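Encoded as structure tokens, the structure appears first; notes follow it.
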Amino acid sequence: MSSKITIAIQRKGRLYEDSKNLLAQSGINFSTSGERLLARSSTMDIDILLVRDDDIPSLVSKGVADLGIVGQNVLAEQTATNKKITAKSILDLGFSNCKLAFAKPLNSKLRSLKNKRIATSYPALVKEYLKINSINAEVIKINGSVELTTYIGIADCICDLVSSGVTLEANNLIEFKTLMTSQAALISPVELKKVKQTNVINLIKRFEGVINAADSKYVMLNVDSGAVDKICNLLPGADSPTIIPLQKDNKVAIHALCKEPVFWETMEKLKSNGASSILVLPVEKILN
Ligand code: PRT
Ligand code: ZN
């Protein structure tokens, strides 16, 4: 068996661009043509399977793909539905954030889910939720346009994915409970094939490096040497800044990797505490 890795990503849809970007930033470039399911990376010994997101958990569980990128919502629903879906989430990827939430019509008097009709594309997760909370209710499985079901009178409320909330608003619906929050995740089979282990682990490290870098900034500033401690305490998520003496005025330069976002408010605070020439630079990759 070869040590080449196959990674399954969504062919088109909400996950595609971010998945492709993550691969590109990790050194995996590929081009797709027409309806082809398989692309070969031009930069690394990796195959990319381009499929519907719903097929990814099963392809990874069967070992057809060694890794996959899919929404946690899809993995959770399929795991709850089918014992053969054994793929596990191994890394949160930080994109395609959304929540699976219950919503009701704006004018509805609904106070609890008890004995209500709930339309959803996530019947297994909703049933699990109802069971855990000992609620008796009817779950109606709908594959698309869930938000129309209360309007046409076939459901009392819905349980659907929400990101900006615009769709709920446009359909006169209001959210009243979150069942789960979700984001894209890297998934792998329960057991990695031995010959592929090293390559898979190295690739996961690259993904981690890209994700960690996304929130990180490299900050450089100058300050009086007496104010170093105060300034370092203001730097968000900076482990151990580098302090470099400057040639004149008893000043030092502080260079720090900040692992949390650096907002304008933070920069203004640094300035009002004596920092000058504050530079905030993007970080492309981090390898720890
Ligand atoms: O064709 P294929 O089967 O591959 O794709 P798909 O149509 O099943 O999925 P796709 O591309 O729509 O979504 C892929 C994944 O993106 C989902 O499984 C989620 O993990 C994630 N995601 C993030 C979302 C949303 N945000 C989202 N807002 N998926 C769907 N929506 C829909 C939601 O169902 C509702 O209709 O967008 C609408 C609500 O959006 P807002 O912004 O108006 O709240
Ligand atoms: Zn799908």
Side-chain angles (χ1 to χ4, degrees), residues 6-23 30 32 34-39 48-61 64-65 67-82 85 87-106 118-126 128-129 139-152 154-155 157-187 207 211 214:
T6 301
I7 177 160
I9 66 169
Q10 192 188 29
R11 171 187 201 74
K12 51 185 168 207
R14 289 170 203 264
L15 296 163
Y16 175 71
E17 280 301 325
D18 286 323
S19 303
K20 192 175 171 171
N21 287 343
L22 174 63
L23 296 189
F30 65 93
T32 49
E35 292 298 300
R36 273 182 49 196
L37 270 182
L38 189 69
I48 299 98
L49 266 181
L50 296 141
V51 290
R52 286 197 62 186
D53 66 346
D54 316 74
D55 294 331
I56 294 174
S58 126
L59 288 169
V60 173
S61 299
V64 177
L67 290 169
I69 296 179
V70 71
Q72 289 166 340
N73 49 308
V74 170
L75 180 66
E77 174 68 17
Q78 294 199 8
T79 308
T81 312
N82 182 349
I85 304 297
K88 295 274 172 276
S89 168
I90 52 168
L91 185 65
D92 292 349
L93 298 177
F95 58 83
S96 286
N97 293 299
C98 57
K99 55 190 168 179
L100 183 60
F102 291 98
K104 60 180 182 176
L106 277 175
I118 309 163
T120 185
S121 308
Y122 294 84
L125 290 178
V126 173
E128 211 171 73
Y129 174 88
V139 178
I140 301 164
K141 186 182 178 210
I142 298 281
N143 286 326
S145 303
V146 176
E147 63 281 356
L148 298 178
T149 54
T150 55
Y151 181 72
I152 57 175
I154 60 167
C157 62
I158 66 166
C159 188
D160 198 11
L161 296 177
V162 182
S163 49
S164 68
V166 168
T167 306
L168 289 186
E169 215 176 294
N171 289 282
N172 294 318
L173 294 164
I174 183 163
E175 186 189 325
F176 62 93
K177 188 156 226 40
T178 298
L179 193 157
M180 76 176 281
T181 55
S182 177
Q183 59 177 291
L186 184 68
I187 64 169
F207 290 153
I211 292 156

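Whatever order the structure lists them in is the order used to number ligands and atoms, beginning at 1. Small disclaimer: the values here were computed from a predicted structure and weren't measured.
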Near G71, which atoms of ligand 1 are under 4.0 Å from a heavy atom of that residue?
20 (O)
Check: V64 and L49 side chains under 4.5 Å, non-hydrogen atoms
yes
Can you list the ligand 1 atoms lying under 4.0 Å from a non-hydrogen atom of V162?
44 (O)
Output yes when a side-chain donor or acceptor of R11 lies under 3.5 Å from a complementary backbone atom of R36, and no otherwise.
yes
Tell me, which protein residue and heavy-atom name are nearest atom 5 (O) of ligand 1, and how many Å apart are they?
Q10 NE2, 2.9 Å
How close does the nearest protein non-hydrogen atom get to atom 36 (O) of ligand 1, and which residue and atom is it?
D160 OD2, 4.0 Å
Could you check if a side-chain atom of P57 sits within less than 4.5 angstrom of a side-chain atom of T79, using non-hydrogen atoms only?
no
Within the structure, does D53 bring an N/O atom to less than 3.5 angstrom of an N/O atom in ligand 1?
yes
So, do D92 and Q72 sit near enough that their side-chain heavy atoms are less than 4.5 Å apart?
yes
Contact check, side chains of I90 and L67, non-hydrogen atoms, under 4.5 Å
yes
For A87 and I187 the tightest heavy-atom approach is CB-CD1, 4.0 Å
Note the single closest protein heavy atom to atom 13 (O) of ligand 1, along with its residue, its atom name and the distance in Å.
R14 CD, 3.5 Å
Does F176 have any side chain to side chain contact (heavy atoms under 4.5 Å, CB included) partners at least two apart in sequence or in another chain, and if so, which?
F102, K104, L110, L113, C157
Could you tell me whether the side chain of F30 reaches within less than 4.5 Å of the side chain of I9, counting heavy atoms only?
yes
What protein heavy atom sits nearest atom 26 (N) of ligand 1, and how far away is it?
C98 CB, 3.5 Å
Partners of K12 by side chain to side chain contact (heavy atoms under 4.5 Å, CB included), sequence neighbours excluded?
none
Among all protein heavy atoms, pick out the one at the shortest distance from atom 18 (O) of ligand 1; state its residue, atom name and that distance to 0.1 Å.
N73 ND2, 2.9 Å
Where ligand 1 meets V74 - atom numbers and elements under 4.0 angstrom, heavy-atom basis
18 (O)
Taking only heavy atoms of V166 into account, list the atoms of ligand 1 that are under 4.0 Å away from them.
43 (O), 44 (O)
Check whether any N or O atom of S163, backbone or side chain, sits under 3.5 Å from an N or O atom of ligand 1, and answer yes or no.
yes
In this structure, atom 33 (C) of ligand 1 is nearest to the protein heavy atom L161 O, 3.3 Å
Would atom 7 (O) of ligand 1 count as contacted, meaning some protein heavy atom under 4.0 Å?
no
Counting N and O atoms only, with roles assigned by atom type, does the side chain of Q10 sit under 3.5 Å from a partner on the main chain of D53, one being a donor and the other an acceptor?
no
Distance to 0.1 Å, residue and atom name: give those for the protein heavy atom nearest to atom 1 (O) of ligand 1.
R52 NE, 3.6 Å
Would you say the side-chain atoms of N82 pair up with the backbone N or O of Q78, donor to acceptor, closer than 3.5 Å?
no
Residues that E147 engages under side-chain hydrogen bond (donor to acceptor under 3.5 Å, both in side chains), provided they are two or more places apart:
none
Is G165 close to ligand 1, meaning an N/O of one under 3.5 Å from an N/O of the other?
yes
Check: of T167, V51, N171, min heavy-atom distance to atom 38 (C) of ligand 1 comes from T167
With no hydrogens and no angle check, is any side-chain donor or acceptor of S121 less than 3.5 Å from a backbone partner on I142?
yes
Counting no waters, what protein N/O/S atoms lie under 2.8 Å from the Zn ion (ligand 2)?
D53 OD1, D54 OD1
Heavy-atom distance under 4.5 Å between the side chains of L23 and I7, does that happen here?
yes
Just wondering, do L173 and P105 contact through their side chains at under 4.5 Å, heavy atoms?
yes
Do S164 and ligand 1 have an N or O pair less than 3.5 Å apart?
yes
Subset of ligand 1 atoms that lie under 4.0 Å from at least one heavy atom of G13
11 (O)
